[in-house]
2 protein chains.
Amino acid sequence: MVKRTSLARAECPIARALDVIGDWWSLLIIRDALLGRRRFGEFQKSLGLAKNILTTRLRTLVDRGILQMAPASDGSAYQEYVPTPKGRGIFPILVALRQWSEEFDEHPQEITTLLVDRDSRRPVRKLELHASDGRMLGGFGDTTLMARPAAKRRRRVSN
Amino acid sequence: MVKRTSLARAECPIARALDVIGDWWSLLIIRDALLGRRRFGEFQKSLGLAKNILTTRLRTLVDRGILQMAPASDGSAYQEYVPTPKGRGIFPILVALRQWSEEFDEHPQEITTLLVDRDSRRPVRKLELHASDGRMLGGFGDTTLMARPAAKRRRRVSN
DNA sequence: GCTCCTGGTTTAATATTGCAACTACAAAAT
DNA sequence: ATTTTGTAGTTGCAATATTAAACCAGGAGC
């Protein structure tokens, strides 16, 4: 099989994340789901993708625990797709993508939406990365990768 | 044409970002580039992807202004791919992906690297989103999307 | 019953991806 | 000077993914 290589078991957490949400439509579906869209038809109209693809994407998102199928809600005996906590956890990724476009896109005037704080209705700040002691970290130069200490195993004296 | 739909001109900045970096390999190449990898062969060995794919990915990353080709560096008359500022701006996206995996992955023990502050060598905090007045915002429920105010046009009295 | 709407599945054409083999050329070894 | 190795690709073909469009089933409306 020439199958697309799976990154599910990669050591790099970024690769692992991409294995799950690293495709166009999936992330856009999640974006829509976080905006409150719930129904097959809503996603399809909003995204304009082929229905069979929407079908498969919804299925894998459910399989991966990002969306959940809920039996109904507005009466009709259809079902809805609602984000799980794991799905809601994708929010920062979407914010990071958004802010990157806002900062670097060639045609920022074409961007028509703005992420605002619900209370003040004013734009949010850029995502911030802090060290454990609270110092704010700038770009990637302020960080390094380290080997993760092996997980503790119970009931073993040494290892 | 059944061509893959382009999101380059989408109104949503997330879609626009995905149009550029919304594929597996591109993001992994950028990750490697930010880790200091520079050469075709380094990327290929590290990622294990087919060379023709690496070729096309590198080309589009250069076209899109994320990587830059630099003439040499270590003597040899070959060239290198180095991240531009726009490329370095992708760092927060990678951090967000990483943290999402760390928090929600089913097998977190398989993740072997840890992002640490360069000075203290201690793990970084989670990315934080703040309102313009500094209040920390939690999940997606604390924010809304608004229409972006139209860009100012010079020399027009009203609009 | 007949028809429309929702939420899909199936099909066939087209596009993209992946692998392997091949090329071109510079560097290093003999 | 000639062979060998390493780098950075290209080419061809098979496998897979995406798309649009046609089809289908169940429920609601008439």
Side-chain angles (χ1 to χ4, degrees), chain A residues 1-10 15 18-29 32-33 36-64 67-82, chain B residues 1-10 15 18-29 32-33 36-64 67-82:
Chain A
M1 270 210 274
V2 188
K3 188 104 193 295
R4 205 223 244 338
T5 52
S6 165
L7 302 171
R9 290 304 159 96
L18 290 176
D19 188 70
V20 183
I21 54 170
D23 99 281
W24 278 30
W25 294 126
S26 297
L27 258 185
L28 293 176
I29 290 168
D32 272 17
R37 287 192 247 268
R38 296 281 177 269
R39 300 274 287 255
F40 186 94
E42 285 183 288
F43 292 120
Q44 211 244 319
K45 208 176 315 172
S46 150
L47 299 171
L49 84 176
K51 294 198 287 180
N52 52 354
I53 298 195
L54 179 54
T55 302
T56 63
R57 291 300 192 283
L58 286 173
R59 189 151 38 217
T60 73
L61 288 173
V62 170
D63 287 351
R64 304 272 174 86
L67 298 179
Q68 227 178 342
M69 298 185 67
S73 134
D74 68 333
S76 293
Y78 300 110
Q79 9 102 75
E80 301 183 338
Y81 298 91
V82 311
Chain B
M1 271 210 274
V2 190
K3 188 106 193 292
R4 206 230 255 324
T5 52
S6 164
L7 301 171
R9 290 305 158 97
L18 290 176
D19 188 69
V20 184
I21 53 170
D23 99 279
W24 279 30
W25 295 124
S26 297
L27 260 185
L28 293 176
I29 291 167
D32 272 17
R37 287 192 247 267
R38 295 282 174 270
R39 301 275 288 257
F40 188 94
E42 285 183 288
F43 292 121
Q44 210 245 320
K45 208 175 315 172
S46 151
L47 299 171
L49 85 175
K51 294 198 282 186
N52 54 352
I53 299 194
L54 179 54
T55 301
T56 64
R57 290 301 191 283
L58 286 172
R59 189 150 37 218
T60 73
L61 288 173
V62 170
D63 286 351
R64 305 271 174 88
L67 298 178
Q68 226 177 343
M69 298 185 68
S73 138
D74 69 332
S76 294
Y78 300 108
Q79 8 103 74
E80 301 184 339
Y81 298 90
V82 312

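So that the names make sense, note that chain A is the first sequence line, chain B the second, and so on, each numbered from 1.
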> What are the two closest non-hydrogen atoms of A:Tyr78 and A:Arg39, and how far apart are they?
Replying inline: CD1-NH2, 3.3 Å
> Given atom CG of A:Leu54 and atom C1' of C:dG8, what is their separation to the nearest angstrom?
Replying inline: 9 Å
>> Can you confirm whether A:Arg64 sits close enough to A:Asp19 that some side-chain heavy atom of one is under 4.5 Å from a side-chain heavy atom of the other?
In response: yes
> Where the side chain of A:Asn52 is defined as all heavy atoms beyond and including C-beta, which of C:dT6, D:dT19, D:dA8 is the nearest nucleotide?
Replying inline: D:dT19
> Could you state the CG-C1' distance from B:Leu47 to D:dG9, rounded to the nearest angstrom?
Replying inline: 16 Å
> Which pair of heavy atoms, one from B:Leu49 and one from B:Phe43, lies closest together, and at what distance?
Replying inline: CD2-O, 4.4 Å
>> Using whole Å, what does the distance between atom C1' of nucleotide D:dA8 and atom NZ of B:Lys45 come to?
In response: 13 Å
> Tell me: CG of B:Leu49 to P of D:dG9, nearest whole Å?
Replying inline: 13 Å
>> Using the side-chain heavy atoms of B:Tyr81, tell me which of these nucleotides is nearest: C:dA27, C:dG8, D:dG9.
In response: D:dG9
>> Whole angstroms only, please: what is the CG-P distance between B:Asp23 and D:dT16?
In response: 19 Å
> What is the distance from CZ of B:Phe40 to P of C:dA24, rounded to the nearest Å?
Replying inline: 17 Å
> Counting only side-chain N and O atoms of B:Arg57, is one of them less than 4.0 Å from OP1 or OP2 of C:dT17?
Replying inline: yes
> Looking only at atom types and distance, does a side-chain atom of A:Gln44 sit under 3.5 Å from a main-chain N or O of A:Phe40, one as donor and one as acceptor?
Replying inline: no
> With sugar-phosphate meaning primed atoms plus P, OP1 and OP2, does B:Phe43 contact a base, only sugar-phosphate, or nothing at under 4.0 Å between heavy atoms?
Replying inline: nothing
> Between D:dG9 atom P and B:Arg59 atom CZ, what is the distance in whole Å?
Replying inline: 8 Å
